[in-house]
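A short write-up of the structure that comes next.
Naming: A, B, ... by sequence-line order, numbering from 1 per chain.
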Protein chains: 2
Amino acid sequence: MKIDPNSSADLSAQIAQAIKDAIIIGELIVDQRLPSEAELADHFQVSRPTVREALKRLAAQSLIRTQRGATGGAFVNRLSFEDAHAQQVTTSTLLLSMNAVSFETACEARYALERACAPLSAKRRSADQLATMRAEIFRQTQPNLSDEAFCASDVAFHRALVDGAGNPVLSYQLAGAVEAMQPLMNMITFTARDRASIVALHSQIADAIDQGAGTDAAQGLTKLETETLRMAQKVFETRASKP
Amino acid sequence: MKIDPNSSADLSAQIAQAIKDAIIIGELIVDQRLPSEAELADHFQVSRPTVREALKRLAAQSLIRTQRGATGGAFVNRLSFEDAHAQQVTTSTLLLSMNAVSFETACEARYALERACAPLSAKRRSADQLATMRAEIFRQTQPNLSDEAFCASDVAFHRALVDGAGNPVLSYQLAGAVEAMQPLMNMITFTARDRASIVALHSQIADAIDQGAGTDAAQGLTKLETETLRMAQKVFETRASKP
DNA sequence: GACTTTTAAATGTCAGACAAATAAAAAATG
DNA sequence: CATTTTTTATTTGTCTGACATTTAAAAGTC
């Protein structure tokens, strides 16, 4: 682990990168303890605050965790699917909100990704995951449900669909995309009729998953995409005409 | 922006979260300048090093950028697709290397995701993207190509396929998944026969994309997935029998 | 007016100190 | 001897204060 003394970059950024590289190439392995801050400061010939800034950068990416006390220190963290998922959601959410990504683009991406796991989910979903989908559909029929709760239930439904594929890599990638769209979805107020239409399609999809019919499930998702776009367009048009 | 004085968490983590929240809810907008470190220290009633640790955490996530000098400071950064993509690759790579994700699982996820954009790519790909695919296929036929170069070309081919969908959200998500698999793919040494088989399938896929036949392209990807798994299995079996 | 110099403000870095947490070692206690 | 309590050493968390470096604007100079 070395840094370039001639680089113009911040020392803390260089040190963070050096440690990160060491983790990536396997020089530092999971749960291994890094040298203490004082030792690192000595090694890199910098002060302790600089080392600390570097370590905080790594901690922000869940690459290390720190513990106080006698046997404490910084340890290489096993990046969990949960951590990765959380990062993915934050990144995607900010990306969508900061880059004027159109509703159409985000929607297309979301449903394309979901269709990708429909066939897998139809084959592998557990009874529990199917039950979750049914339960969320039922929740969505309740008339007193707020818009936020309806959207949250929608996310839970799709999350169960994605998890049904039984592939944690897919789950982590897709759940991020689906959840990141929630703020955009929350901008739309669904009428009772819209909700009924969505629930009907959800039922079709759940039935297809139930029967192991992956292609049908994918077709259901395509219909849902079309419906969602139609509803969104209606809302945006209404807003544009009433400024 | 406030922090909880009774929380047991690190002050720098709390402050970073507070600022992050402010960015997410839009209280701080892109390119807006944050208060200076001294002002933040005063606001949160902590010392400057603590504030700095918080800011470095945010910088590590590309949420802010800092500038030195008279009119310098920390500014809310517009998260670019490029930044998001880089983060995605790092996260996915570490996730795969640290969690003993099987080759099968990663492979399945990758091809499922790629199949999702095959129909879009068949409709929308530019002439340039198609030319890139053809060029990479040609490169892959060169006999003197090293294993690393072959894999890199493979990534470039699939990257062009994904970009062909013309959906930046999809590109950012999928390119991450594809690139993260490269270290796993690099573990496999392809025989000349394997390469020929891969190139033939790549040609099939490119032809399908050329003709706007999304379904055919997806089928080609499925064949490629099967082939890749078969080759990987062969390699792993050989290794297991010769320890 | 154009150029140079100065100045002020901000981040980057350093040094040293103390607080707080924690586990191991040592001491006290029954 | 076994158990409990106390001490101690180590490590991270935080603070104070200082200086270096960069940068743009202000002031000065020709």
Side-chain angles (χ1 to χ4, degrees), chain A residues 1-20 22-23 28 31-77, chain B residues 1-20 22-23 28 31-77:
Chain A
M1 291 197 296
K2 279 177 186 170
I3 59 176
D4 175 15
N6 299 323
S7 168
S8 63
D10 291 0
L11 289 174
S12 67
Q14 287 185 60
I15 293 169
Q17 189 62 51
I19 298 175
K20 189 170 174 176
I23 294 174
L28 293 169
D31 291 335
Q32 187 173 342
R33 184 180 175 280
L34 272 66
S36 72
E37 294 175 355
E39 286 167 333
L40 285 171
D42 199 54
H43 173 77
F44 288 113
Q45 287 290 297
V46 297
S47 67
R48 193 158 83 94
T50 302
V51 166
R52 282 183 62 79
E53 285 177 11
L55 293 179
K56 294 314 161 201
R57 293 176 116 111
L58 299 174
Q61 297 172 275
S62 302
L63 289 180
I64 62 167
R65 60 179 186 279
T66 55
Q67 240 178 345
R68 294 172 75 164
T71 58
F75 298 82
V76 178
N77 199 30
Chain B
M1 292 197 295
K2 280 180 188 170
I3 60 175
D4 175 14
N6 300 324
S7 168
S8 63
D10 291 1
L11 289 173
S12 68
Q14 288 185 60
I15 293 168
Q17 190 61 51
I19 298 175
K20 189 170 174 177
I23 294 174
L28 293 169
D31 291 334
Q32 186 172 341
R33 184 180 174 281
L34 271 66
S36 72
E37 293 175 355
E39 286 167 334
L40 285 171
D42 198 55
H43 174 76
F44 289 113
Q45 287 290 297
V46 297
S47 67
R48 192 155 84 92
T50 302
V51 166
R52 282 182 61 80
E53 286 177 10
L55 294 179
K56 295 313 163 201
R57 293 177 115 109
L58 299 175
Q61 298 173 275
S62 302
L63 290 179
I64 61 168
R65 60 179 186 279
T66 55
Q67 241 178 345
R68 292 173 75 164
T71 59
F75 297 83
V76 178
N77 199 30

note: A/Arg65, atom CZ; D/dG13, atom C1'; distance rounded to Å ~ 18 Å
* Asked: Are any of the side-chain heavy atoms of A/Leu40 and A/Ile15 separated by less than 4.5 Å?
  -> no
Donor-acceptor pair, distance only, cut-off 3.5 Å: does the side chain of B/Gln14 make one with the backbone of B/Ala9? yes
Non-hydrogen side-chain atoms of A/Asn77 and A/Leu58 separated by less than 4.5 Å: no
What does the list of N/O pairs under 3.5 Å between the protein and nucleotides 17-19 of chain C look like, with a distance for each?
unit_1	atom_1	unit_2	atom_2	d
C/dA17	N6	A/Arg48	NH2	3.4

Walking DNA chain C from its 5' end, the first of A/Gly69 and A/Gln45 to be reached, judged by nearest nucleotide, is A/Gln45
* Which is true for B/Arg33 with a 4.0 Å heavy-atom rule: it touches a base, it touches only sugar-phosphate, or it touches nothing? -> sugar-phosphate
note: B/Ile15, atom CD1; D/dC15, atom P; distance rounded to Å ~ 8 Å
Residue-phosphate contact under 4.0 Å: A/Thr50 side-chain N/O, C/dC14 OP1/OP2
yes
Looking only at D/dT14, D/dT11, C/dC14, the nucleotide nearest the A/Ser36 side chain is D/dT11
task = Would you please confirm or rule out a distance under 4.0 Å between OP1 or OP2 of D/dG13 and any side-chain N or O of A/Thr66?
result = yes
Under the 3.5 angstrom rule, does the side chain of A/Arg65 hit a backbone N or O of A/Ala74 as a donor-acceptor pair?
-> no
Measuring only between side-chain heavy atoms, which start at C-beta, is B/Lys56 closer than 4.5 Å to A/Asp10? yes
Between CG of B/Leu34 and P of C/dT11 the distance, given in whole Å, is 9 Å
Separation between CD (B/Glu53) and CG (A/Leu55), nearest 0.5 Å, reads 9.0 Å
Smallest heavy-atom separation, A/Ala38 atom then A/Arg48 atom, equals N-CD, 4.3 Å
Worksheet item: Is a side-chain donor or acceptor of B/His43 paired with a backbone partner of B/Met1 at a separation under 3.5 angstrom?
Response: yes
Whole-Å distance, A/Asp10 CG to D/dT21 P, equals 15 Å
Original post:
Just to confirm, is there a sub-4.0 Å distance from OP1 or OP2 of C/dA24 to any side-chain nitrogen or oxygen of A/Thr71?
Top reply: no
Just wondering, do B/Ile64 and B/Gln32 contact through their side chains at under 4.5 Å, heavy atoms? no
- Task: For D/dT12, take OP1 and OP2 only and decide whether either is under 4.0 Å from a side-chain N or O of A/Arg52.
- Result: no
Rounded to whole Å, CD of B/Gln67 lies from P of C/dA10 at a distance of 13 Å
Between CG of B/Leu40 and P of C/dG12 the distance, given in whole Å, is 13 Å
Rounded to whole Å, CD of A/Glu53 lies from P of D/dG13 at a distance of 13 Å
Set out, line by line, the N/O atom pairs under 3.5 Å between protein and nucleotides 6-8 of chain C.
none

Residue pair B/Glu39/A/Ser47 against DNA chain C: nearer the 5' end by closest nucleotide is B/Glu39
Point to revise | Heavy-atom side-chain contact between B/Ile19 and B/Leu63 under 4.5 Å | key: no
With the side chain defined as heavy atoms from C-beta on, B/Glu37 is closest, among C/dG12, D/dC15, D/dT14, to C/dG12
